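Remarks on the structure that follows.
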Amino acid sequence: MKIIIGIGGVTNGGKTTLTNKLLKTLPNCCVVHQDDFFKKPDQIEVGEDGFRQWDVITALDMEAMVNTVKGWQENPVKFARSHGVSLSPEAEGADSEKGIHILLIEGFLIYNYLPLIDVYDKCFYISIPYEECKRRRSTRTYTVPDPPDLFDGHVWPMYLKHRKEMENNCDRIQYLDGMTSKDEIYSKVYESIQNCLLNNL
């Protein structure tokens, strides 16, 4: 049994924290991080807003990301091994069809690329308000540092635009309040995934 779970959300909303916690507790679980598919800085265009367009889908090699997901779908055991994920004996063995395999897809625009929409069995999205998002973002250090005014001039407007687009693309998203405690968010998602697994057995 193969289950694919989307963990989407606003920048600095807590996606990675939640994903890492789920990775530790779900059986035979692999992850694909959208951030791993960013193009090189010199391939990122400068937009009309005067900023490099990091927060748009064209900044990412989405074809490569889809191929990575397909690789997992075709052979989750091989994928897990090549990513150093240890599998349970039943998922490893000849009965690997009986085993449960879970893939987490984590990122800020995972519901904005149509070829990916249909792969999810469960869709989660973490939101936090503008003020909190800006505060958290200002405490982070990025490989390519944020220029001044990037948040208000590019990051937040793009988030609002993409959120609207995402809501039109996908009506199966379960929204999570990123202001509640990390444990609370995790429990809610974990429980929902367990129910999904039970319903699919």
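The basis for the numbers below is simple: all heavy atoms, side chains too, and nothing from hydrogens, waters or symmetry mates. Heads up: numbering here begins at 1 and tracks the sequence. Note that the structure is a prediction, hence the values are computed from the model and not measured.
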From [X] [atom1] over to [Y] [atom2], what is the distance, rounded to the nearest 0.5 angstrom?
X: Asp35; Y: Leu60; atom1: CG; atom2: CG; answer: 7.5 Å
X: Lys15; Y: Tyr125; atom1: NZ; atom2: OH; answer: 7.5 Å
X: Thr16; Y: Leu23; atom1: OG1; atom2: CG; answer: 10.5 Å
X: Met62; Y: Lys39; atom1: CE; atom2: NZ; answer: 10.5 Å
X: Ile44; Y: Phe38; atom1: CD1; atom2: CZ; answer: 7.0 Å
X: Asp55; Y: Thr11; atom1: CG; atom2: OG1; answer: 7.0 Å

Exercise for review: Evaluate side-chain contact (heavy atoms from CB on, under 4.5 Å) for Val155 paired with Phe51, printing each intermediate quantity in order.
Suggested key: CA-CA 10 Å; Val155 175; Phe51 297 108; over 6 Å; no
Looking only at non-hydrogen atoms, find the nearest pair between [X] and [Y] and report the distance.
X: Arg172; Y: Ile117; result: NH2-O, 2.8 Å
X: Phe151; Y: Pro157; result: O-CD, 3.7 Å
X: Val31; Y: His33; result: CG1-NE2, 3.6 Å
X: Trp54; Y: Pro41; result: CH2-CA, 3.7 Å
X: Gln34; Y: Leu109; result: OE1-N, 2.8 Å
X: Val66; Y: Pro115; result: CG2-CB, 4.4 Å

Is it the case that one hydrophobic cluster holds both [X] and [Y], taking links as side-chain heavy atoms less than 4.5 Å apart, direct or via other members?
X: Ile128; Y: Tyr130; result: yes
X: Val46; Y: Val56; result: no
X: Val85; Y: Ile102; result: no
X: Ile3; Y: Ile7; result: yes

Can any side-chain N or O of [X] pair as donor or acceptor with the backbone N or O of [Y] at less than 3.5 Å?
X: His154; Y: Leu150; result: no
X: Asp121; Y: Ile5; result: no
X: Tyr111; Y: Gly6; result: yes
X: Asn28; Y: Ile100; result: yes

Point to revise | Arg81: side chain to side chain contact (heavy atoms under 4.5 Å, CB included) partners, not counting sequence neighbours | key: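 Partners of Arg81 by the side chain to side chain contact (heavy atoms under 4.5 Å, CB included) criterion, ordered by chain and then number, come out as Val77, Glu92.
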With heavy-atom distances below 4.5 Å as the criterion, would you say the side chains of [X] and [Y] are in contact?
X: Met65; Y: Ile105; result: yes
X: Glu106; Y: Leu18; result: no
X: Leu103; Y: Gln73; result: no
X: Ile185; Y: Phe124; result: no

Above 12 or not: heavy atoms from other molecules or residues under 6.0 Å from [atom1] of [X]?
X: Glu165; atom1: CD; result: yes
X: Lys78; atom1: NZ; result: no
X: Asp36; atom1: CG; result: yes
X: Glu45; atom1: CD; result: no

Practice item. Apply side-chain contact (heavy atoms from CB on, under 4.5 Å) to Cys29 and Leu22, showing your working. Key: CA-CA 8 Å; Cys29 188; Leu22 291 167; 5.6 Å; no
Between [Y] and [X], is the closest basic N to carboxylate O distance under 4.0 Å?
X: Glu167; Y: Lys164; result: no
X: Asp152; Y: Lys134; result: yes
X: Glu132; Y: Arg136; result: yes

Point to revise | Side chains of Arg163 and Ser127, donor plus acceptor under 3.5 Å | key: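 Their side chains do contain a donor-acceptor pair, which is all the 3.5 Å distance test asks for.
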Practice item. Run the numbers on Trp156 and Val10 for side-chain contact (heavy atoms from CB on, under 4.5 Å), then give the verdict. Key: CA-CA 9 Å; Trp156 193 256; Val10 63; 4.0 Å; yes
For a quick test of your reading: what N or O donor-acceptor pairs under 3.5 Å do the side chains of residues 186-198 make, sequence neighbours left out?
from	atom 1	to	atom 2	distance (Å)
Tyr186	OH	Thr25	OG1	2.9
Ser187	OG	Asp183	O	2.8
Tyr190	OH	Gln194	NE2	3.0
Ser192	OG	Lys122	NZ	3.2
Ser192	OG	Gln174	OE1	3.4
Asn195	ND2	Glu191	O	3.4

**Study point:** Ring-ring centroid check Tyr159 Phe108, cutoff 6.0 Å
**Key:**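 Ring centroids of Tyr159 and Phe108 are no less than 6.0 Å from each other.
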Practice item. Run the numbers on Ile173 and Met166 for side-chain contact (heavy atoms from CB on, under 4.5 Å), then give the verdict. Key: CA-CA 9 Å; Ile173 298 170; Met166 168 188 91; 3.6 Å; yes
